[in-house]
Amino acid sequence: MDVTTKGYGGTINLTVGVNTDGHVTGVIVGDNSETPGLGSKAKEPDFINQFGEVTVNDTLSVVKQGKKSANEIQAISGATITSRAVTDGVQAALDAVKLIMNGVN
């Protein structure tokens with residue numbers, strides 16, 4: 001599912017993969033204008049791989065430190081706005097997929 005969200009530097013385009021069981025299979029951060037060296041870290045595996053633990057039944061939140069559960073996404077240091085934008089985009093995709101899975105038009 002393609003999603004567009006607003007980050008620190010403008011729009012961020014995401015592609016979020018979700019399997020038929022409702023688990024995230026991948027997140028690709030596409031075109032964006034986030035700050036090089038900070039917000040651009042949203043493309044790195046250390047950040048993106050956190051979404052591999054979530055499902056359509058999770059409500060995601062961004063934490064600055066001390067991630068305690070799968071639905072908590074550890075923010076990129078110095079790029080909290082970007083971290084929230086990507087997390088919000090993934091949440092929007094999960095919400096849409098959940099509606100589709102439940103047969104709501």
Side-chain angles (χ1 to χ4, degrees):
M1 173 166 290
D2 291 331
V3 178
T4 301
T5 186
K6 177 138 177 52
Y8 180 79
T11 58
I12 301 172
N13 295 312
L14 304 170
T15 300
V16 181
V18 182
N19 68 17
T20 56
D21 293 328
H23 290 86
V24 172
T25 58
V27 176
I28 298 171
V29 178
D31 293 339
N32 68 80
S33 300
E34 299 306 281
T35 307
L38 288 175
S40 61
K41 290 183 179 179
K43 291 183 173 187
E44 295 181 2
D46 284 347
F47 181 71
I48 291 297
N49 289 344
Q50 296 181 84
F51 296 103
E53 303 175 8
V54 300
T55 73
V56 295
N57 296 316
D58 289 320
T59 300
L60 304 180
S61 65
V62 175
V63 296
K64 291 188 179 184
Q65 58 187 350
K67 177 180 172 158
K68 295 179 180 145
S69 63
N71 71 310
E72 293 183 337
I73 304 300
Q74 178 73 47
I76 300 163
S77 180
T80 305
I81 294 171
T82 302
S83 301
R84 277 202 180 95
V86 172
T87 301
D88 289 348
V90 172
Q91 184 70 63
L94 290 171
D95 292 345
V97 170
K98 186 174 184 175
L99 286 174
I100 293 166
M101 291 174 74
N102 290 333
V104 177
N105 293 330

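Numbers for residues simply follow the sequence, beginning at 1. Worth saying up front: this structure is predicted, and the values here are computed from it rather than measured.
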Exercise for review: Mind running side-chain contact (heavy atoms from CB on, under 4.5 Å) on V86 and F51 for me, showing each step along the way?
Suggested key: CA-CA 10 Å; V86 172; F51 296 103; 4.1 Å; yes
Check your understanding: Is a side-chain donor or acceptor of Q74 paired with a backbone partner of K64 at a separation under 3.5 angstrom?
Key -> yes
Point to revise | Under 3.5 Å donor-acceptor, E34 side chain and S40 backbone | key: no
Check your understanding: Name the one of T5, T4, N32 that satisfies side chain to side chain donor-acceptor pair (under 3.5 Å) with N13?
Key -> T4
Review point. Roughly how far apart are D58 CG and D95 CG, rounded to 0.5 Å?
Key: 11.0 Å
Check your understanding: Is a donor on one side and an acceptor on the other found under 3.5 Å between the side chain of D21 and the backbone of H23?
Key -> no
Review point. V3, V27: one ILVMFWY side-chain cluster at the under-4.5 Å cut-off?
Key: yes
Revision key, fill the gap. Rounded to the nearest 0.5 Å, the NZ atom of K6 sits from the OG1 atom of T11 at a distance of 8.0 Å
**Study point:** Residue pair F47 / T87, side-chain heavy-atom distance below 4.5 Å
**Key:** yes
Revision key, fill the gap. Residues L14 and G89: closest non-hydrogen pair is CD1-CA, 3.8 Å
Point to revise | Sidechain-backbone polar pair: Q91 side chain, L60 backbone, donor-acceptor under 3.5 Å | key: yes
Check your understanding: Can you name the nearest heavy-atom pair linking M101 to T20, along with the distance?
Key -> CE-O, 3.3 Å
Check your understanding: Looking at V29 and A42, what are the two nearest heavy atoms and their distance?
Key -> CG2-O, 3.6 Å
**Study point:** Closest contact, heavy atoms only, I100 versus M1
**Key:** CD1-CE, 4.4 Å
Revision key, fill the gap. Heavy-atom closest pair (V56 atom, V18 atom, distance to 0.1 Å) is CG1-CG1, 4.2 Å
**Study point:** Contacts of T15 that satisfy side-chain hydrogen bond (donor to acceptor under 3.5 Å, both in side chains) - sequence neighbours left out
**Key:** D2
Practice item. Identify the two heavy atoms, one from K67 and one from V63, that lie closest to each other, and give their separation to 0.1 Å. Key: CA-CG2, 4.0 Å
Review point. Under 3.5 Å, side chain of S83 to main-chain N/O of I76, donor-acceptor pair present?
Key: yes
Check your understanding: So do T82 and L38 actually touch side chain to side chain, heavy atoms under 4.5 Å?
Key -> no
Review point. Would V54 and I48 show up in the same hydrophobic cluster when neighbours are defined by side-chain heavy atoms closer than 4.5 Å?
Key: yes
